[in-house]
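Chain letters run A, B, ... following the sequence lines, proteins first and then strands; every chain starts at 1.
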There are 2 protein chains.
Amino acid sequence: MSVSVKDVAARAGVSVGTVSNVMNWPDKVSSATVERVQRAIDELGFVRNDAARQLRAGRSHAIGLVILDIGNPFFTDLARGAEDRASKAGLSIILGNSDERAERESSYLDLFEEQRMHGVLISPFGDITARLRRLRERGIPAVLVDRTSADASFSSVSVDDVAGGVLAVDHLIDSGRRRIAFVGGPSEIRQVSDRLEGARSAVAQHPEVTLEVIETRALSVIEGRAAGNGILARPPADRPDAVFAANDLIAMGVLQALNMQGALHVPRDIALIGYDDIDFASAAVVPLSSIRQPSAMIGATAVEILLEEAADPQLAPRQIVFQPELVVRESTGR
Amino acid sequence: MSVSVKDVAARAGVSVGTVSNVMNWPDKVSSATVERVQRAIDELGFVRNDAARQLRAGRSHAIGLVILDIGNPFFTDLARGAEDRASKAGLSIILGNSDERAERESSYLDLFEEQRMHGVLISPFGDITARLRRLRERGIPAVLVDRTSADASFSSVSVDDVAGGVLAVDHLIDSGRRRIAFVGGPSEIRQVSDRLEGARSAVAQHPEVTLEVIETRALSVIEGRAAGNGILARPPADRPDAVFAANDLIAMGVLQALNMQGALHVPRDIALIGYDDIDFASAAVVPLSSIRQPSAMIGATAVEILLEEAADPQLAPRQIVFQPELVVRESTGR
DNA sequence: TGAGGTGATTGAATCGTTTTAAGAATGAGA
DNA sequence: TCTCATTCTTAAAACGATTCAATCACCTCA
């Protein structure tokens, strides 16, 4: 059925060891032989069997990546970044989507252990430090993405959401706004609470500025629109003059509500800034200011660290924190 | 480093063959032995090495899935459906994103061949029939998703886009619209041309109805908005009274343009229907009517067919075509 | 001519599991 | 007690690539 090194060796009139050397250490082989073996490979259409390579090598040539939500552009961008970096090292990425469900997360970790993955990148949902510790004992390093390790026992690559909150609110204040509303929730989500914390600390620098919190049940367009309608229903004097949304989906909902029938004008009446800078943000009715995260860079960096740890398991865990970036568009503009 | 069957066997005081039987054919082993071996497995934390299993079995326990665009909810839903069905058969799905680039598509196929995948599902971009034929010769069956095989030499699972076009335009006509515009492009995309063809044939049934085609350069929100602005700029008598957008992104762009500053009212002045029924559709300023495709079902069915072909390579290829479904919301409503 | 060196190639062992034919143990029936 | 079945269990042979010590061929220099 399948062509093996043995067949190639027979065709080229050399031993299997030589065929292997041609593929992996061509310098060790005379150029005439390389040529001959290569021709045999092409003629037979030989494709090496990765299972056998892996078995011999003791570990796979792939990195497992578990993300929280495949529908979220932030994660797919992150995956793209990881993939690009990994392929440079001759590794592939196996993508798993935990969908914020502990049992799916766990079954991916099972799979990755059975496959003796080169390493695992994970955006954790449940408490999996014990699992990761075990993987590490077995020679499979792990790096957390978009979340820091509680006890710093694992390396992590994340973004400073507190700084992002400061960035957003400072920008609103700089453009002359004084009554700011934070819209987002639930506050259990670490990203939400961090961004709010940043907003609070920015406001604290300016006695004349107030911050109100409008909590939502989820980070969705629908919830954002509900919050926006709530603002619209208030007497004008009670309304904020700026909204900082916990992510772009919320921001788009708020925008839709405020903009409906031209009731209020964004940014004239109310300035609006979101978070994540998803593609939709620039395509909104009023292009949305937002806080951009280096999602692809996060993925690439995580792979980088993982490779170093795979090469030297003794390495001390590192926590890499990226800084977010302000993107100004019309929704907060003049 | 790693615990092997040998260690388990030693601990349980049996041979490795028995350990293997406990895991794969427990009926062949006395219950006392099963119990003893199981305990040894648990105590040692044994996890079997998939590479070795695969090597012995000759093929992997995973199915490769190559999709065109991981940012498109249609494909992620499809992937979810495939994954659910595959896991019932004890198989996992390895997801690859070709990003509509031939070289990425090809490198995933290389990977899948090296891994001796159980089978391959692919939403093809380039012309890959030759590649797939070769995979099949090597015992790896392939099923096309969201596209039919030109020469019917491979099984496929797709949706009848022509019927979807008919569905959309019939609905517009039924609700009293007479001057319909189709917005979408480029027409090289098979889905676009099929939907337009459906629209044409629906219109052909009604002499009093006209169809105009507004071609866009891509299926994006921005392009949709440009098209919408074009419509807005015309004298009222020249405007269509209904728009059929080739997908929901286009539709949302058109909606944003028409609705801007309350210039035109959707659906009063112009009815609007999209295609795909993505989550955003129901969350738009005016909830969007759309054509829903059974994306998860497509994935699940494709896996089903793949499994049958893997079990019996002689099976004749089948073309499964699903019917799309009309979802009516406010944008075409009363 | 022979010793020593260099570079290319070989062949066997190895990775960890599954499979299969053969062997051992047990019990039933004569 | 012996034979024949029926369970269980074992040992060894795969699967296909990589690795490493050993061998070979050839050349140089004394």
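If you check dG16(D), dA17(D), dA11(D) against the side chain of Val5(A), the one that comes closest is dA17(D). Candidate nucleotides dG11(C), dC8(D), dG16(D) were compared by shortest atom distance to the side chain of Leu55(A), and dG16(D) ranks first. Of the candidates dT10(D), dT19(D), dT9(C), the closest approach to any side-chain atom of Thr18(A) belongs to dT9(C). Looking at the side chain of Val14(A), the nearest of the listed nucleotides dT10(C), dC8(D), dT19(D) is dT10(C).
Between the side chain of Glu105(A) and the backbone N or O of Gly126(A) there is at least one donor-acceptor pair closer than 3.5 Å.
A distance of 8.5 Å separates CD of Glu100(A) from OG of Ser123(A), quoted to the nearest 0.5 Å.
Separating the CG atom of Asn21(B) from the P atom of dT18(C) is a distance of 9 Å, rounded to the nearest angstrom. Remark: C1' of dG16(C) and CD1 of Ile41(B) are 14 Å apart, rounded to the nearest angstrom. Atom CZ of Arg53(B) is separated from atom C1' of dG16(D) by 18 Å (rounded to the nearest Å). Taking atom CD on Gln54(A) and atom C1' on dA17(D), their separation rounds to 12 Å, with Å as the unit. Rounded to an integer number of Å, the gap from Lys6(A) NZ to dG11(C) P is 13 Å. Nucleotide dT9(D) holds its C1' atom 16 Å from the CG atom of Asp27(B), rounded to whole Å. In this entry the distance linking CZ of Arg59(B) with P of dT18(C) reads 16 Å, nearest Å. If you take CG of Asn49(B) and C1' of dT14(C), they are 14 Å apart, rounded to a whole angstrom.
Asn24(B) has a side-chain polar atom (N or O) that falls below the 4.0 Å cut-off from OP1 or OP2 of dT18(C). In this structure, Ser4(B) does not reach the dG16(C) phosphate: none of its side-chain N or O atoms is under 4.0 Å from OP1 or OP2. Between Ser2(B) and dG16(C) there is no side-chain polar atom (N or O) within less than 4.0 angstrom of OP1 or OP2. Arg48(A) has no side-chain polar atom (N or O) that falls below the 4.0 Å cut-off from OP1 or OP2 of dA17(D). For Trp25(B), no side-chain nitrogen or oxygen approaches OP1 or OP2 of dT18(C) to under 4.0 Å. Contact between the side-chain N/O atoms of Ser30(A) and the OP1/OP2 oxygens of dT9(C) is found at a separation under 4.0 Å.
With Thr18(B) as the fixed residue, the side chain to side chain contact (heavy atoms under 4.5 Å, CB included) test singles out one of Val5(B), Val8(B), Thr33(B): Thr33(B).
Arg11(A) is not listed as a side-chain neighbour of Val37(A), based on a closest heavy-atom distance of 4.5 Å or more.
Within the cation-pi definition used here (under 6.0 Å to the ring centroid, within 45° of the axis), Arg136(A) qualifies as a partner of Phe154(A).
Between Arg56(B) and Val19(A), the one whose closest nucleotide on DNA chain D sits nearer the 5' end is Arg56(B). With DNA chain C read from its 5' end, the first of the two nearest nucleotides for Val16(A) and Ser31(A) is the one closest to Ser31(A).
Looking at heavy-atom distances under 4.0 Å, Gly17(B) makes contact with a base.
A donor and an acceptor atom, one from each side chain of Asp146(A) and Gln191(A), are located under 3.5 Å apart.
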